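Single-structure report; data block below.
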Amino acid sequence: GTDHAGIATQAVVERRMLEEEGLTRHDIGRDALVKRIWKWKDAYEERIVGQLKSIGASCDWRRIRFTLDDVCAKAVRHTFFKMFKDGLIYRGKRLVNWDTFLQTAVADDEVFDEEIDGHFWTFHYKVVDDQENDTNEVIRFSTTRPETMLGDTAVCVHPTDERYTHLVGKKVRIPLNGRLIPIVADKDLADKELGTGAVKVTPGHDPNDYACYARKLGKADQIEIIDLLNLDGTVSSACDNSKYVGKDRLIVRDLVVADMEAIGQFEKVEDRKIPLKHSDRSKTPIEPMRSDQWFVKMGLHATPDGRVIELAQSAIDAVKNNRVRFYPSRYASTYIDWLSEKRDWCISRQLWWGHRIPIWSKTFESGSAMEAFVQGHISHSADSVDFPFSKISVGKVGFTQHDSKGNIVKQVESEIPSKYYFGEGTWVQAYQLPTGEYSLLVCIASGREGIEAEFEGKGFTQDPDVLDTWFSSALWPHATLGWPDEEHDPPLDAEECAKQTASEPRALATGQAPTSAVADASGSDGNRVLDTFYPGSVLITSRDIITLWVARMVLTGLYNMGDVPFRHVHVHPKILDGFGQTMSKSKGNGVDPVDLIEKYGADAVRFSIASFAGETQDVRLPISYECPKCETLIPQTLKHQKAKPEDGKKPTVRCPKCKADYQYTSPAYDPDPGVPVARMVSERFEYGRNFCNKFWNAARFAMLNLEGYTPGEVTADQLQLEDRWILSRLSTVTQQVDQYLLRYQFDAATRAIREFTWNEFCDWYLEMIKPRLRSEPRALATGQATTNAVADASGSDDETRATAQRVLLAVLDSLVRLLQPFTPFICEELWQRLKEIAPTRALPAEESGVKNQESGKARNHEPQASSLKPQASEEAAIIAAWPRIPASWQDEALERRFARLQETIIAVRNVRAIYSIPPGTPVKLLMRASAEVAGDIQSVASQFDNLAKAVLEAAGAEVERPIGSASFSLGETAGYIPLEGLIDRAAELERQTKEAEKLRKHIAGHAGKLSNESFTAKAPPEVVAQVQETLDGLKRQLESVEAVIRDLG
RNA sequence: GCGCCCGUAGCUCAGUUGGUUAGAGUGCAUGCUUGACAUGCAUGAGGUCGGAGGUUCGAGUCCUCCCGGGCGCACCA
């Protein structure tokens, strides 16, 4: 689903309206603006959902939700009411960024810093004595905003600043209004090194001063707070000097300076660059101002009915107790650190787009007037038609909190203001305004017709503010499933329950036994959809909203549901552009995934993105524009990103090949309709595209060679070396992929699959079985030393071919299952085709009695007789079981033998390349090797011909290097390729000499290590042994190279 | 300022608890036209692992400082 992104969305629509029509929201009114935003939202939601569908997100689209839809609205209203009733929601003051031009509060994201040329004035206040008469002592301070002097309520110094310690507790006089204010000490506000070391305190209009005020609340040196400004930026009557009242703050600034100078309390002024916050919308300076806001209490709290709630702590505990785990784990500290501050959550926003705060209020001149109103509406009869309030409690309520051992950990005392209860679904709170007036705040839960109108009829008005978007987003995991309703549409049907249960093993993350959803479905109580899907397995998100979103989901989940919303939180990397900046709409450096999908394919984009998703690094994605004519890629520059349409003309990009200019895709605006557009692409996706192409072709090759396929069991003795090797590798790789996915290491998982598919399955296995698939007699080597023992043992060519087909299908089948989450489109297509050709195929399955993968030691046992038993395949890849390959198939010894074969073939190809021997020309190969290795080499003689066009002439310990041959050495083994006439003696000598030098260097390193006594004494014996072994190997290799050099010389 | 992360081949990135001769993709070079795939195949060149110290028998990996980059949170009288 989607959220309504309050600030960003309203800002975009308002800005467009202003740019295109010159209208502000006040011109068209609340309802009209909200209507416009809905229209805008509908268009963008369609686009976003379209992007998700294009990329193949397999969601239950019937359950799509939007944070402002009816289902979510109900959950929001219900939660707000519950919190209000519990006393968790309260009204308080908070400093906001005030735009005096538009007369609106502005969010931090809508504020930008700009340096302006300003002044830095220094003044002094006179210290007064006990009789409040001026003394000769002064305290000097500096400011960039002299007018705020009229709202000063203290002067602050550092507690250890010896220049001032004797003054702390005394008072100074603000000369322009005669107010006496205290000198206080605060280590966080005053800095001994800065300016005079003393600072004026204006809590009403400065965030730091406000923080100081908040710190001192309730303490002996508590200070006052004065709201100096009116909403339009003029000075209010609170300044206590009629000369300034009603004048703009900037005019007052000059007056104050002049007046201070006139009375001799001005000291100096200097020019200074001042960073000043400006409103992004009006481009005018921001004034910090206090305003009424709604908050949710995060710390320890006692409810009127005697429960203790600690929202922040409960969410901290959930992570500390591992009920919620972060992947990578380091992000847990971001979460815990932030929650530990237990700062109350300001949930009100001065916007029109969002959930309106469900509070209606009525103001009374006095407490007695309010009391009279309430008394007039008290009734104990539930049938009363008018306002039957029921008084429930007044006073204080106290609790003692114990830990599990019964020790007292905290004493809690809460003030319960006068509370009145009205029928079902309303809760009333009295609130005293700073003016002395009283306000009755009525929170109305949803669900009772006409009740809002009733209150409005009695002079109550609804709060104009809306809730922070995160308030509704915080409820997402349970709100979207219908909470608090008992029923949810669409309901969970039995079939769906069964599916949910069946698919459970795929949810590797939970590591828990599948719950029996079917049993729940048969019960009648509760919301079955919610019961089935809550808590979820995993939340996947970006690190910048760990606090804003993840923490809030956990705490509301615990508060509303009594359980965490998800078990795991996977924090993925962010996509950066080619210049290392986070992609964002405002920077104009984002990419539309649909452009990428059109260019590279959805599977390619998915596979690439998954392969970029590592644990530590963000993803740098350099972008190019693709020429719409010739497809030349033009790298994106910062200039392209920043360009905006001017005078109706859209920016263009120049194709160096076509020498033409084209408009290009931008997240900030749309190109003109009908013109050719250079779309955004990124070469990094070729990684995924090439892989998908490779995999597709490999599968196609397999299917082309399935003619005559019949399902049948494959027994261990029918398997050839390459079959056993690929099955061993498949088992290992599947196990690795499982491990990576359990830790959300998508990069490692895709890398493992890619390497297996390309470098093992395609490059070696498919190449090696080609002769068998051709069903021709195996090309036997001609040398008399060669016997094809394997071929002899494996029976007829028909059987060889059938075995190859069956093993090939088994591996391909597993690969499709492994790749399905990454490349679902290709996999589904292949699955359906395979179903046509081979509906029954061997699925490598857990053999009974064989230990499962977790106990991985099985690989050290004598390789188990692996057999493949045919089974009918599932209907579709997307619901096919995740592959479970027996660990007993892993055979390390066999893999080592196979690696030797690979090295030999690569060495032969290397010789071919160096001497530019045409691929068609066969070469002869002689191998000097131990009897064991020679036997191995001979058993696969035909593969030398198949893979390197080399005919094995001889293999054995007695083999000598023929005159005029190229040679290579692999440890103890050496290979010779006779090249009479072809060989360039000098070139070969140079090549071998270079090789010998390299070996000597490595030998020196290893020998040095071993001659170091502290190494042999301190390093673990196995490490020492390994170095010795390597050294011996290197020496033998060098010997064989030196022999070649002697022969050549 | 505090915290987290990063700096490895021209580019984009891997590199398990410190332990063989530091890897991949892409780009580059050379050679491959017939049957899965040129979005491909084969072979090769290319790195004093940001810098300086330290711990250790041994450091790309651990510690300290410095330089450069990203992000979050503060702060800017």
Side-chain angles (χ1 to χ4, degrees), chain A residues 113 120-122 141-145 148 156 188-191 194-202 206-209 274-276 328 330-331 333-334 337-338 341 542-544 546-547 573-574 576 578-582 600 604 611-612 614-622 682-684 686-705 747-748 751 754-755 759 762-763 766-767 770 774 906 909-914 916-920 948 998-999 1001-1003 1005-1006 1009 1012-1020 1022-1024 1026-1027 1029-1031 1033-1034:
Chain A
D113 270 320
F120 192 62
W121 287 272
T122 303
F141 59 89
S142 302
T143 180
T144 57
R145 295 188 298 162
T148 60
C156 180
D188 293 320
L189 186 61
D191 184 336
L194 266 179
T196 63
V199 55
K200 61 194 272 308
V201 186
T202 323
D206 183 283
N208 305 309
D209 297 0
I274 301 163
L276 192 62
R330 64 173 185 277
Y331 288 113
S333 63
T334 306
D337 290 352
W338 184 80
E341 288 182 31
S542 175
R543 63 173 175 274
D544 40 13
I546 289 171
T547 54
K574 296 176 54 150
L576 313 179
F579 312 99
Q581 327 173 80
T582 311
Y600 303 101
S611 77
F612 299 159
E615 284 197 297
T616 54
Q617 290 257 76
D618 280 337
V619 178
R620 199 175 280 236
L621 197 66
S682 177
E683 288 178 275
R684 291 201 68 189
E686 289 176 8
Y687 177 82
R689 183 200 57 184
N690 294 356
F691 173 71
C692 289
N693 182 62
K694 185 73 182 177
F695 177 54
W696 173 259
N697 276 301
R700 209 160 61 91
F701 168 79
M703 289 187 286
L704 284 172
N705 284 284
D747 60 334
R751 213 178 307 130
R754 182 186 184 279
E755 276 167 20
N759 305 122
C762 292
D763 288 352
L766 291 185
E767 292 305 325
K770 273 179 181 174
R774 278 188 213 116
I906 287 165
R909 286 172 177 168
N910 183 1
V911 169
R912 295 191 78 100
I914 286 163
S916 304
I917 301 163
K998 202 171 106 190
L999 287 167
K1001 211 178 93 193
H1002 290 144
I1003 287 170
H1006 284 71
K1009 237 184 204 179
N1012 181 345
E1013 270 176 41
S1014 48
F1015 171 70
T1016 46
K1018 290 184 184 170
E1022 63 269 22
V1023 172
V1024 179
Q1026 198 160 43
V1027 173
E1029 201 180 304
T1030 309
L1031 179 63
L1034 286 168

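Since this is a predicted model, take the numbers as computed values, not measurements. Residue numbers start from 1 in every chain, and the chains themselves are labelled A, B, ... in the order their sequence lines are given, proteins ahead of strands.
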Review point. When you compare U39(B) with G27(B), how far apart are their P atoms, in angstrom units rounded to a whole number?
Key: 10 Å
Practice item. Would you tell me if any nitrogen or oxygen in the side chain of S916(A) comes within less than 4.0 Å of OP1 or OP2 on G31(B)? Key: no
Study note, to complete from the structure: Scanning both residues in full, the closest heavy-atom pair of A190(A) with G197(A) reads CB-O, 4.0 Å
Practice item. Would you please test F141(A) and V199(A) for side chain to side chain contact (heavy atoms under 4.5 Å, CB included) and show each step? Key: CA-CA 6 Å; F141(A) 59 89; V199(A) 55; 5.9 Å; no
Point to revise | D206(A) CG - A74(B) C1' separation (whole Å) | key: 14 Å
Practice item. Looking at every strand, decide which applies to V1023(A) at a 4.0 Å heavy-atom threshold: base, sugar-phosphate, or nothing. Key: base
Practice item. Measure the spacing between OH of Y600(A) and CD of E683(A) and express it to the nearest 0.5 Å. Key: 6.5 Å
Exercise for review: Looking at every strand, decide which applies to T196(A) at a 4.0 Å heavy-atom threshold: base, sugar-phosphate, or nothing.
Suggested key: nothing
Practice item. Go through the steps for K574(A) and D544(A) under the test salt bridge (Lys or Arg N to Asp or Glu O under 4.0 Å), then give the verdict. Key: CA-CA 9 Å; K574(A) 296 176 54 150; D544(A) 40 13; 2.6 Å; yes
**Study point:** Stepwise side chain to side chain contact (heavy atoms under 4.5 Å, CB included) test for V201(A) and L189(A)
**Key:** CA-CA 9 Å; V201(A) 186; L189(A) 186 61; 3.9 Å; yes
Check your understanding: Which part of the nucleic acid, if any, lies within reach of E341(A) when heavy atoms closer than 4.0 Å are counted: base, sugar-phosphate only, or nothing?
Key -> nothing
Review point. Which atoms form the tightest heavy-atom contact between P328(A) and E615(A), and what is the distance?
Key: CG-O, 3.7 Å
Review point. Using the C1' atom in both, what is the distance from G60(B) to A22(B), to the nearest Å?
Key: 8 Å
Check your understanding: To the nearest Å, how far apart are K574(A) NZ and G72(B) C1'?
Key -> 9 Å
Study note, to complete from the structure: To the nearest 0.5 Å, atom CD1 of I546(A) lies from atom OH of Y331(A) at 6.5 Å
Review point. Rounded to the nearest 0.5 Å, how far does CZ of R909(A) lie from CD1 of I917(A)?
Key: 14.0 Å
Check your understanding: So which one's nearest nucleotide on RNA chain B is more toward 5', C156(A) or T547(A)?
Key -> T547(A)
**Study point:** G25(B) versus A9(B) - spacing of their C1' atoms, nearest Å
**Key:** 12 Å
Check your understanding: In this structure, are over 12 heavy atoms from other groups packed under 6.0 Å from E341(A) atom CD?
Key -> yes
Check your understanding: Taking atom C1' in both G46(B) and C11(B), what distance in whole Å separates the two?
Key -> 13 Å
Practice item. Starting from the 5' end of RNA chain B, give me the residue, G197(A) or T582(A), whose nearest nucleotide shows up first. Key: T582(A)
Point to revise | C1' gap between A36(B) and G40(B), integer Å | key: 10 Å
Exercise for review: Round to a whole Å and report the spacing from CG of L999(A) to C1' of U20(B).
Suggested key: 14 Å
Review point. Can you give one letter per nucleotide of nucleotides 4-16 of chain B, 5' to 3': B if a protein heavy atom sits under 4.0 Å from the base, S if only from the sugar-phosphate, - if neither?
Key: SSS-----SSS--
Review point. Rounded to the nearest Å, what distance is computed from the CG atom of residue N705(A) to the P atom of nucleotide C37(B)?
Key: 12 Å
Review point. S1014(A) has a side chain; which of G19(B), C57(B), A36(B) sits nearest to it?
Key: C57(B)
Check your understanding: When we call it a touch if two heavy atoms are under 4.0 Å apart, what does A702(A) touch: a base, just sugar-phosphate, or nothing?
Key -> nothing
Exercise for review: Figure out the CG/P separation between N1012(A) and G58(B), and round it to whole Å.
Suggested key: 7 Å
**Study point:** Student check: side-chain heavy atoms of D206(A) and T148(A) closer than 4.5 Å
**Key:** no
Practice item. Mind checking F141(A) for me? I need base, sugar-phosphate or nothing, with any heavy atom below 4.0 Å counting as a touch. Key: nothing
Pairwise N/O distances under 3.5 Å, protein to nucleotides 40-43 of chain B:
{"unit_1": "G40(B)", "atom_1": "OP1", "unit_2": "N690(A)", "atom_2": "ND2", "d": "3.3"}
{"unit_1": "G40(B)", "atom_1": "O3'", "unit_2": "K694(A)", "atom_2": "NZ", "d": "3.2"}
{"unit_1": "C41(B)", "atom_1": "OP1", "unit_2": "K694(A)", "atom_2": "NZ", "d": "2.9"}
{"unit_1": "C41(B)", "atom_1": "OP1", "unit_2": "W758(A)", "atom_2": "NE1", "d": "2.5"}

Check your understanding: Given atom NE2 of H1002(A) and atom P of U20(B), what is their separation to the nearest angstrom?
Key -> 13 Å
Practice item. Determine, step by step, whether V1023(A) and F1015(A) satisfy the side chain to side chain contact (heavy atoms under 4.5 Å, CB included) criterion, reporting the C-alpha distance in whole Å, the side-chain angles of both residues, the deciding distance to 0.1 Å, and the verdict. Key: CA-CA 10 Å; V1023(A) 172; F1015(A) 171 70; 4.2 Å; yes
Review point. For F612(A), is the NZ or CZ atom of R684(A) found under 6.0 angstrom from the centre of its six-membered ring and inside 45 degrees of the ring axis?
Key: yes
Exercise for review: Report the distance from atom CZ of R912(A) to atom C1' of G44(B), rounded to the nearest whole Å.
Suggested key: 17 Å
**Study point:** G50(B) to C13(B) separation - P atoms, rounded to the nearest Å
**Key:** 15 Å
**Study point:** Sugar-phosphate, base or nothing in reach of P207(A), heavy atoms under 4.0 Å
**Key:** nothing
Revision key, fill the gap. Applying the Watson-Crick and G-U criteria (both distances under 3.5 angstrom) with [ ] for crossing and | for other-strand pairs, one obtains for RNA chain B (((((((..((((.....[...)))).(((((.......))))).....(((((..]....))))))))))))....
Study note, to complete from the structure: When rounded to whole Å, the CG to C1' distance for the pair N697(A) and G35(B) reads 12 Å
Exercise for review: Compare every heavy atom of P622(A) with every heavy atom of S682(A), then report the nearest pair and how far apart it is.
Suggested key: OG-O, 2.8 Å
**Study point:** Distance, P atom - from A45(B) to C37(B), rounded to whole angstrom
**Key:** 30 Å
Review point. Under a 4.0 Å N-O cut-off, is there an ion pair linking D618(A) with R543(A)?
Key: yes
Check your understanding: So what does R543(A) hit on the nucleic acid, given a heavy-atom distance under 4.0 Å: a base, only sugar-phosphate, or nothing?
Key -> sugar-phosphate
Check your understanding: Taking atom C1' in both C28(B) and C67(B), what distance in whole Å separates the two?
Key -> 31 Å
